[in-house]
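Reminder, nothing fancy here: chain letters follow the sequence lines and each chain counts from 1.
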Amino acid sequence: MKNRIYEMYERLFERFSYQYWWPAQTKDEIVIGAILTQNTAWHNVEKAISNLKNSNLCSLSKIHTSNIEDIKDCIKPAGFFNQKARYLKNTADFFIKNGSFSKLNSYDAQTLRKMLLSIKGVGKETADSILLYAFDKAIFVVDAYTKRLVKRHNLIDTLSYDAIQNLFMQNLIKDAKLFGEYHALIVKNAKEFCKSKPLCEHCPLLGV
DNA sequence: CACCAGGAATGTA
DNA sequence: TACATTCATGGT
């Protein structure tokens with residue numbers, strides 16, 4: 001398999017090696033972090049998660065049963081705390097209602113994706129992050145960095161989520177580990193290089 | 001000081 | 001379908 005999409009992965013991996021995403025200790029924490037990081041810098045999410053842990057609220061069951069005002073107090077550093085507290089509640093309710101990860105994991109990826117998307121507060125990127133990193137489903141996550149990447153490299157003539165996701169999934173082996181590291185590498189590279197200017201001289205994707 | 005960060009829901013045309 | 005607005009804190 002030799003194509004531009006996979007070649008970019010090789011370049012990124014050569015430069016940055018393993019990222020070991022998702023950075024979390026439990027599956028619950030992955031889901032919680034996926035919601036808290038919506039349009040929010042990760043280091044602020046870490047503060048929010050740290051607060052949740054200190055209050056013993058960093059699990060879906062705890063979020064399900066606890067007072068929403070207590071959740072708000074913990075997650076304020078992550079911003080949008082009013083709606084994110086509701087989103088966390090909605091998501092926790094979903095998992096309590098529909099069962100554990102191992103039970104939900106018996107659904108195929110697309111069925112589970114639709115279920116997750118029915119939660120108010122879970123859009124495509126959040127759903128796919130949960131599918132990939134908490135359920136180990138081979139679903140490629142598309143974020144703002146990914147869109148910027150395909151735009152700068154003229155990889156496709158649209159910026160629609162589905163089209164970009166298909167571009168990656170159709171040009172890669174369907175492997176959750178690969179997808180997970182690739183997405184992490186795109187984020188890593190975006191933070192490291194080329195924040196405003198495309199393709200600076202140190203970017204590992206030059207010439208791909 | 002302005003601008004952005006690992007988005008999603010809602011409203012408008 | 002395709003944009004525009006709103007949500008909010010904290011770093012640069």
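Between E69(A) and K72(A) there is a salt bridge, with a side-chain nitrogen of the basic residue lying less than 4.0 Å from a carboxylate oxygen of the acidic one.
Counting to the nearest Å, the C1' atom of dG6(B) and the CD1 atom of I30(A) are 14 Å from each other. Atom NZ in K84(A) sits roughly 10 Å away from atom C1' in dG6(B) (whole-Å rounding). Atom NZ in K76(A) sits roughly 14 Å away from atom C1' in dG10(C) (whole-Å rounding). Distance CD1 (I130(A)) to P (dG6(B)): 18 Å, rounded to an integer number of Å. Rounded to an integer number of Å, the gap from D73(A) CG to dA8(C) P is 14 Å. In this structure, K191(A) atom NZ and dG11(C) atom C1' are separated by 13 Å, rounded to whole Å. Atom-to-atom, CD of Q19(A) to P of dG6(B) comes out at 13 Å; the value is rounded to the nearest Å. To the nearest angstrom, C1' of dT1(C) lies 15 Å from CG of L159(A).
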What string of B, S and - do you get for nucleotides 8-13 of chain B 5' to 3' if you count protein non-hydrogen atoms under 4.0 Å?
-> SSS---

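Among the heavy atoms of the strands lying under 4.0 Å from F80(A) is at least one base atom, whether or not backbone atoms are also near. Within 4.0 Å of H43(A), counting heavy atoms only, lie sugar-phosphate atoms of the nucleic acid but no base atom.
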Show your working on side-chain contact (heavy atoms from CB on, under 4.5 Å) between R152(A) and L205(A) and close with a plain yes or no.
-> CA-CA 11 Å; R152(A) 287 179 175 177; L205(A) 298 180; over 6 Å; no

Stepwise side-chain hydrogen bond (donor to acceptor under 3.5 Å, both in side chains) check, N98(A) with K103(A) | CA-CA 8 Å; N98(A) 291 287; K103(A) 180 178 179 180; over 6 Å; no

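Remark: N39(A) is not in phosphate contact with dG6(B), judged by side-chain N or O atoms under 4.0 Å from OP1 or OP2.
Judged by the 6.0 Å and 45° rule, K76(A) forms a cation-pi pair with F81(A).
Heavy-atom minimum distance, L88(A) versus I63(A): O-CG2, 3.6 Å.
For the pair V45(A)/W42(A), a side-chain contact is recorded, criterion being any heavy-atom separation below 4.5 Å from C-beta on. No side-chain heavy atom of K124(A) sits under 4.5 Å from any side-chain heavy atom of Q165(A). Using a 4.5 Å cut-off on side-chain heavy atoms (C-beta onward), V150(A) and F168(A) make contact.
Taking atom P on both nucleotides, dA8(B) is separated from dG10(C) by 22 Å, rounded to a whole Å. Nucleotides dG6(B) and dC3(C), compared at atom P, are 24 Å apart to the nearest Å.
Not one N or O on the side chain of K47(A) forms a donor-acceptor pair closer than 3.5 Å with the backbone of A78(A).
By the criterion of a centre-to-centre distance under 5.5 Å and near-parallel planes under 30°, the ring of W42(A) forms no stack with the base of dA5(B).
Listed by residue number, there are no residues of residues 44-62 of chain A with a heavy-atom contact under 4.0 Å to DNA chain B.
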